[in-house]
Amino acid sequence: MIVLYLNFVEQVTSVMSDTIRSAGFEVDDLGLEPSQHADLACRVAFKLASVAKKSPKDIAEQIASAVVLPDDSLIESIQAQGPYLNIKANRKYLDGTVATIRQKKEAFGGDFCEGTIVLEHTSANPNGPLHVGHIRNSILGDTLGRVLKRVGYDVDTQYYVNDMGRQIAIVSWAMKNFDFDSEKKGDHAIAGIYIKANAWLEEEPDRVAEIDRLMQLVESGDEETIQRFDEVVGIAVDGIRNTLLRMNVIHDDFVNESGFIRSGAVSRIVDEIKATGRTEMDDGALVVDLSDHGFEKTLVIQRSDGTSLYTTRDLAYHEWKAEQGERVIDVLGADHKLISGQLKATLRSIGKQEPEIVIFEFVSLPEGSMSTRRGKFITADELLEQVESQALVEVENRRPDMPDEFKEQVARMVGIGAVRYDIIKVSPEKSTVFDWKEALDFEKQGGPFIQYSHARACSILRKAEEEGLWDPKREIDPSVLLEDGEMVLIRKMALFDHVLERSASELKPHMLATYARELADAFNQFYRFSPVISAEEATVRNARLGLVDCARIVLANVLETLGIEAPESM
RNA sequence: GGGCCCGUGGCUUAGCCAGGAUAUAGCACCGGGCUUCUAACCCGGGGGUCGUGGGUUCAACUCCCACCGGGUCCGCCA
């Protein structure tokens, strides 16, 4: 028997709809949501008030008194409190939640959607290492991917590699003209020559023609130039991928832009756009008129020398992505807002599927915006190093007797957890300013707090097992869990599906961060007030151990969805 | 100049799109708690004209308009 929050909502919806109809009202939206006053609160009386010409309070009371609960219900009561209808879940719901978590374990939470999604995120230019702005994209994208996978979608995450744009031409050119520091990590060394090249090109603008020439050669398929581009791109992407994996950010595919030139997809799609009659020549460049889609300015899709632009290749890429999945989602920085709108409009105009776009605002430095070209950025690698070494100090303080290997491993997990949590907890439309002091200050109730809660749960279970008091396979009787802290924790765990559902449907993974904190909070309060191993009655101790096991499972599942490792000890 | 985003206690932040019950949490501040399952913890307290001014509504942090402040974008970069 699967008894969960979503079933509860279904039952409430059904009972409430029936009751309201039998009371002679009609309504489509019940306005149900979790509330601090009940498991679900219903605001429907407000909506009915104006139609029924009665006070919301009277309507709520009328509805409440007409409720007939089915025999096999998960609903304890539906009571009017002023204009609100407060719906409480019953014991069966609580006990069922505990049983379900113990039965489903790491599969608890999600698995109620189906379909395929292509999710593109990060896609930073391979002209240097990822910086602290890029990783907002990576962490947002990776967490979103994890959320979508958990709710049941088949997700393919992709990094779109710009392997033939102007920046790469500059890097390739720089490789010949400047010293490449092979001592450094590849992506950092690439940035080194890229920055120098840009500075030089600014002083000697005549040399820009050499860059243009390289782009023409690569677009026309010149083998030697392509090889030189591939070489620098490979070096940079290796470094970037290394950083991503270090942060637990996993891409299923790295897709090269150049592939769409070579396959002919780009020229094919340009022809398709031309065929709509909305293109024109402007100063030798081919532009698309999107005024009927609300864009005043035209969109350039071909340079006057005939080469393609990022946008052009992106059109072909999106056409291809739409063939790979039913939904296409892109995570992009706010600077792409206009261009992504134009991209969507162009795809629409040729009858292609448009992507769903998740936009995040910028991360800047106290002295201004970041720029790879000007060398003004803090790299993700540097951030991770600093955070991990700070985390090591914290572990040393707390667990001085543990072996170095343990300390380092915990520092790594905690450092990454702190970074990922700090970034994902803020809603993406907020622009932020990077601050070293804040980044290295392990905020209370951040990633490490949640990881700590998980470690505590593990350590309680470990100790109980050592003392022969616990076996993970043991049957428990959850109905003896009657303390406030116990029931609050169970209710919070039951909401995991609700949070996943909203997070996935709104493409807002930051909601999961709030939930993770609340869950850890509920667990901490429970074990602070309810002794587990030293509980007097065996049945209570047993049930509490089962509850700790549940908390351990749900915390681990939430952390996994956030891309944060769950240490068993820290 | 135009478009878009943001503006919530000293600082960071949830809630806003789908308006309703005392506005969420953390940091900092004040007070309390380790002979008891790891104190990266827990309990209590002070602190808010939800940028400003209008409007819609029985009800506005939430919707609409104007303004102020910050960010960002505005064709041959990505």
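Note on naming: letters A, B, ... go to the chains in the order of the sequence lines (proteins, then strands), and numbering restarts at 1 for each one. Predicted model, so just to flag it, every value in this text is computed and none were measured. Below, each value reflects all heavy atoms present in this structure, side chains not excepted, and no hydrogens, waters or symmetry copies.
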Touch check for A:Arg313, heavy atoms < 4.0 angstrom, all strands: base, sugar-phosphate only, or nothing? sugar-phosphate

In whole Å, measure the gap between the P atoms of B:rC42 and B:rG1 for me. 49 Å

Classified by glycosidic angle (syn within 90° of 0, else anti), B:rG31 comes out anti

Roughly how many Å apart are B:rU57 and B:rU62, using the P atom of each and rounding to a whole number? 16 Å

With a 4.0 Å cutoff (strictly under), does any side-chain N or O of A:Gln445 reach OP1 or OP2 of B:rC42? yes

Will you find, in the side chains of A:His336 and A:Asp330, an N or O donor that is under 3.5 Å from an N or O acceptor? no

Using atom C1' in both nucleotides, what's the gap between B:rU72 and B:rA25 to the nearest angstrom? 29 Å

Of the listed nucleotides (B:rC42, B:rA18, B:rA78), which one gets closest to any side-chain atom of A:Asp521? B:rC42

Report the distance from atom OH of A:Tyr527 to atom P of B:rC34, rounded to the nearest whole Å. 16 Å

I need the CZ-P distance between A:Arg43 and B:rA21, as an integer number of Å. 8 Å

Whether the A:Thr312 and A:Gln302 side chains hold a donor-acceptor pair (N or O, under 3.5 Å, no angle test) is what I'd like checked. no

Distance between the P atoms of B:rU8 and B:rU13, in whole angstroms? 8 Å

Can you figure out which of B:rA14, B:rA78, B:rU38 approaches the side chain of A:Glu257 most closely? B:rA78

Any donor-acceptor N or O pair under 3.5 Å, side chains A:Thr143, A:Arg420: yes

Checking base pairs now: Watson-Crick or wobble, both atom distances under 3.5 Å. What partners B:rC27? B:rG10

Classify A:Leu299 by what it touches in the nucleic acid, base, sugar-phosphate, or nothing, heavy-atom distance under 4.0 Å. nothing

Can you tell me if A:Ser172 uses its side chain to pair, donor with acceptor, with the backbone of A:Ile168 under 3.5 Å? no

Considering every strand and a 4.0 Å limit on heavy-atom distances, what is the contact class for A:Gly82: base, sugar-phosphate, or nothing? nothing

How is A:Val410 classified with respect to the nucleic acid when contacts are heavy atoms under 4.0 Å: base, sugar-phosphate, or nothing? base

Which part of the nucleic acid, if any, lies within contact of A:Asp282, taking any heavy atom under 4.0 Å across all strands shown: a base, the sugar-phosphate backbone alone, or nothing? base

Is the phosphate of B:rC37, meaning OP1 or OP2, less than 4.0 Å from a side-chain N or O of A:Arg544? no

Base, sugar-phosphate or nothing for A:Asn86? Non-hydrogen atoms, less than 4.0 Å. base

RNA chain B: A:Asp212 or A:Arg456, which has the more 5' nearest nucleotide? A:Arg456

Between A:Gln158 and A:Tyr317: side-chain donor-acceptor atoms closer than 3.5 Å: yes

I need the CZ-P distance between A:Arg528 and B:rU38, as an integer number of Å. 14 Å

Just call it for A:Met570: base, sugar-phosphate, or nothing, with non-hydrogen atoms closer than 4.0 Å on any strand. base

Interatomic distance where CD belongs to A:Glu296 and P belongs to B:rC73 [whole Å]: 18 Å

For B:rG1, give its Watson-Crick or G-U wobble partner with both distances under 3.5 Å, or none. B:rC74

Are A:Thr298 and B:rG75 close enough that a side-chain N or O sits under 4.0 Å from OP1 or OP2? no

Using the rule for Phe, Tyr, His and the six-membered ring of Trp, do A:Phe46 and B:rG20 stack at under 5.5 Å and under 30°? yes

With a 4.0 Å limit, can you tell me whether A:Arg517 has a side-chain N or O closer than that to the phosphate oxygens OP1/OP2 of B:rU24? no

Pick base, sugar-phosphate or nothing for A:His510, based on heavy-atom distances below 4.0 Å to the nucleic acid. sugar-phosphate

State, yes or no, whether a side-chain contact exists between A:Glu565 and A:Gln409 at a heavy-atom distance under 4.5 Å. no

Could you measure between the two P atoms, the one in B:rG10 and the one in B:rG20, and give it in whole Å? 25 Å

Compute whether any side-chain donor of one residue and acceptor of the other, for A:Gln386 and A:Trp436, lie under 3.5 angstrom apart. no

In whole angstroms, the gap separating P of B:rC73 from CD of A:Glu361 amounts to 10 Å

For the pair made of CG in A:Asp29 and P in B:rG19, what is the distance, rounded to whole Å? 9 Å

Could you check whether the side chain of A:Glu506 and the base of B:rA18 have a donor-acceptor pair of N or O atoms closer than 3.5 Å, going by distance alone? yes

Within the 4.0 Å heavy-atom criterion, would you say A:Gln525 contacts the bases, only the backbone, or no part of the nucleic acid? sugar-phosphate

Could you tell me whether A:Pro531 contacts a base, only the sugar-phosphate backbone, or nothing, with contacts defined as non-hydrogen atoms closer than 4.0 Å? base

List the steps and the verdict of salt bridge (charged side-chain N to carboxylate O under 4.0 Å, His left out) for A:Glu61 and A:Lys57. CA-CA 6 Å; A:Glu61 277 165 12; A:Lys57 188 169 175 288; 3.4 Å; yes

Sugar-phosphate only, base, or nothing, as touched by A:Val414 at under 4.0 Å among non-hydrogen atoms: base

Would you say A:Asn256 and A:Ser258 are linked by a side-chain donor-acceptor pair, where the criterion is simply a distance under 3.5 Å? no

Of B:rC16, B:rG75, B:rA40, the nucleotide closest to the side chain of A:Pro448 is B:rA40

Nucleotide nearest A:Tyr84 (side chain, heavy atoms from C-beta), chosen from B:rA78, B:rC17, B:rG20: B:rG20

Mind checking the C1' distance from B:rG9 to B:rC50? Whole angstroms is fine. 10 Å

Would you mind reading off the distance between A:Met511 atom CE and B:rA14 atom P, rounded to a whole angstrom? 12 Å

Pair partner, B:rA66 [Watson-Crick or wobble, under 3.5 Å]: B:rU52

Would you classify A:Ser530 as touching base, sugar-phosphate or nothing, given that sugar-phosphate means primed atoms plus P, OP1 and OP2, and contacts are heavy atoms under 4.0 Å? base

Give a yes/no answer on whether the side chain of A:Arg303 brings an N or O atom under 4.0 Å of OP1 or OP2 in B:rC77. yes

Between B:rA40 and B:rG26 - C1' atom distance, rounded Å: 14 Å

Just to be sure I understand the rule, does A:Ala124 reach a base, reach only the sugar-phosphate, or reach nothing, if contact means heavy atoms closer than 4.0 Å? nothing

Measuring to OP1 and OP2 of B:rA40, would you say a side-chain N or O of A:Tyr452 lies under 4.0 angstrom away? yes

Short side-chain N/O contact from A:His37 to OP1 or OP2 of B:rG20, under 4.0 Å: no

5' precedence on RNA chain B between A:Lys430 and A:Val300 (nearest-nucleotide basis): A:Lys430

Does B:rA14 have OP1 or OP2 sitting under 4.0 Å from an N or O in the side chain of A:Ser427? yes

Any donor-acceptor pair under 3.5 Å between the side chain of A:Arg398 and the base of B:rA40? yes

Round to a whole Å and report the spacing from CD of A:Glu356 to P of B:rC17. 21 Å

Whether over 12 other heavy atoms sit under 6.0 Å from A:Glu536 CD: no

Sugar-phosphate only, base, or nothing, as touched by A:Ser369 at under 4.0 Å among non-hydrogen atoms: sugar-phosphate

Could you work out the separation of B:rA59 and B:rG48 based on their P atoms and round it to a whole Å? 26 Å

